[in-house]
Amino acid sequence: MDLPAPLAWLVDEAGASSDPELFLAELGGRLLADGLPLAGAALTLTLPHPIIAHRTWLWRAETGVVIEALGFAGGPPGQAGHGWLVGLGPVLEETVGTAPDSPVLGWAGCRPFDPAETYRLRQASRFATAPLAALAARAALATLLEAYLGRRSAAQVQAGALCRGAGETIRAALLCADLRDFTALSEATEPSVMIAALDAWFDRVTGAVHAFGGEVLKFIGDGVLAIFPATGAPGEACDAALRAVAAARAGMVHLDATRQAQGLPSLPFGMALHFGEMLWGNIGAADRLDFTAIGPAVNLVSRLEGLCKPLGHSVLISGAVAKETATALIPLGEHALRGIADPCAVFTLPED
C-alpha cells in the first residue's frame, strides 16, 4: 500500500515517539512539507492528576517551536488548544479515538482548508489513533508515578529501575519537617478537620520544596522528607533548601493567622536541614518496593529535627549545610543526636 509520507510515518515510526511534543512537531512538519497550508497545531491529552486535568502542546509552523499549556481540574478540555488555534487562522479539530478522554488534535490554517485538505487532515487523525493512544498511556503512567513518587523518582522507576537494591549514591541537601503535638491535636479534632490541616501543612512545605527545585520523597504521618540533589556545587543545593525552608516558614505564618481567625489552633512545626550522601533507590520486600533514600545523612536529619522542640526553634541546620552556604546563620553550639556517634554543630535562621 503506497501511503502519503505523513501517513506512512504514522504507521511505521510514530509509535516510537518519546513524548507528545516531539510527536506533534514531527507530524506538523511532515504535513507542512506535504503541501498543507498549516499555521499551527495543538494536541491535548487528558491526565489522571489531582490538579492538572489536561496537557496541551502547541506547535507553530513558522518556527517549528512547541510550547506547553496546562488545563486545570474543573476547566473545559481543549480550551488552551482551541484558543491558540483560533488566534492563528481557520481551525479544524478532531477527537482521536472513541473514548470520552481521547486525545484532541487540532490544526490552524494559513487560509481556510479546502475539501481535499480537510480530508487529508482527517486521514492523518485516523492514522494517528494508535500512536497517540500509546503516547497517552505513557503520559498517564508518568503522571501517576510523579503524583505518588515525585518527578525524579518517577523517571527512575519508569526507566526500569524496578529491582530491589537498584539505586545510586547521591549528594543532596535533605529536609525533614514534622508537625508538633500532632497526636494530641488529632485526638481532639474531627478527622475531616485534621485532614484539612494536614493538607494545608503539606501544601506549604511541598510547594516551597518544588518551587526551589527539590523533591518530596515521602510523607510519614505528619512528616515530610525531601531532597535537593547537588547537580552542581553543594552550596547551590544548600541555598535552594534554605530558601525553601524560609518560604515554608512564611507560608506557615500566614496559615496560622488564617486558622486563628477561624478559631482554630496554630500548627507548630519543626524543620531540619542537613547535607550529605545517601542511597537513593529501591528498598523493600521482594514484591513491594519503596523508592526512597537511606543512609547516615537521612538518619542525622531526622534526629536533628527531633531537637527543634527541646531547643525551642522551628528550624535547625547542621554544620554540613552551614559550611556550604554564605547565608547568615546563628550558631547554637554542638549537640549530641540519638544514635549518632559524633556531636553535630547546630545552627538556626535569624528570627527563629
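Index from 1, following the sequence. Small disclaimer: the values here were computed from a predicted structure and weren't measured.
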In terms of hydrophobic clustering (I, L, V, M, F, W, Y; side-chain heavy atoms under 4.5 Å; direct or indirect links), are [X] and [Y] co-clustered?
X: Trp9; Y: Phe127; result: yes
X: Leu85; Y: Val65; result: yes
X: Leu3; Y: Val96; result: yes
X: Trp107; Y: Leu7; result: yes

- Hydrophobic cluster mates of Tyr119, side-chain heavy atoms under 4.5 angstrom, ILVMFWY only, any path? none
Between [X] (side chain) and [Y] (backbone), is there a donor-acceptor pair under 3.5 Å?
X: Arg303; Y: Ala336; value: no
X: Thr348; Y: Val315; value: yes
X: Ser102; Y: Ala99; value: yes
X: Thr129; Y: Arg126; value: yes
X: Arg60; Y: Gly40; value: no
X: Ser266; Y: Pro268; value: no
X: His335; Y: Leu332; value: yes
X: Asp256; Y: Leu267; value: yes
X: Ser302; Y: Val298; value: no

Working to the nearest 0.5 angstrom, can you tell me the gap between [X] [atom1] and [Y] [atom2]?
X: Ile283; Y: Arg288; atom1: CD1; atom2: CZ; result: 12.5 Å
X: Asp114; Y: Arg120; atom1: CG; atom2: CZ; result: 8.5 Å
X: Thr292; Y: Met278; atom1: OG1; atom2: CE; result: 10.0 Å
X: Leu179; Y: Met252; atom1: CG; atom2: CE; result: 6.0 Å

[Y] and [X], any side-chain heavy atoms less than 4.5 Å apart:
X: Glu324; Y: Pro234; answer: yes
X: Leu58; Y: Leu43; answer: no
X: Trp57; Y: Leu45; answer: yes
X: Pro265; Y: Arg259; answer: yes
X: Asp222; Y: Leu198; answer: yes
X: Val216; Y: His210; answer: yes

- Going through the distances and angles, do Leu255 and Arg204 end up as a side-chain contact (heavy atoms from CB on, under 4.5 Å)? CA-CA 9 Å; Leu255 176 61; Arg204 270 63 180 182; 3.9 Å; yes
- Task: With salt bridge (Lys or Arg N to Asp or Glu O under 4.0 Å) as the test, would you mind laying out the steps for Glu117 and Arg122 before giving the verdict?
- Result: CA-CA 9 Å; Glu117 292 163 346; Arg122 286 181 171 156; over 6 Å; no
- Task: Could you pull out the closest heavy-atom pair between Ser318 and His274, with the gap in Å?
- Result: OG-ND1, 2.7 Å
- Step by step, would you call Glu305 with Arg338 a salt bridge (Lys or Arg N to Asp or Glu O under 4.0 Å)? CA-CA 11 Å; Glu305 190 278 325; Arg338 183 169 58 88; over 6 Å; no
- Should Leu304 and Leu273 be marked as a side-chain contact (heavy atoms from CB on, under 4.5 Å) after you check the CA-CA gap, both sets of side-chain angles, and the distance that decides it? CA-CA 8 Å; Leu304 183 59; Leu273 287 180; over 6 Å; no
- Message: For the aromatic rings, using the six-membered ring if either is Trp, is the centroid distance between Trp59 and Phe23 under 6.0 Å?
- Response: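 Centroid separation for Trp59 and Phe23: 6.0 Å or greater.
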- Between Phe202 and Phe219, does the ring centre distance come in under 6.0 Å?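 Centroid distance Phe202-Phe219: below 6.0 Å, so yes.
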- Query: Does the salt bridge (Lys or Arg N to Asp or Glu O under 4.0 Å) test come out yes or no for Asp19 and Arg138, once each step is laid out?
  - Reply: CA-CA 8 Å; Asp19 60 54; Arg138 289 200 293 269; over 6 Å; no
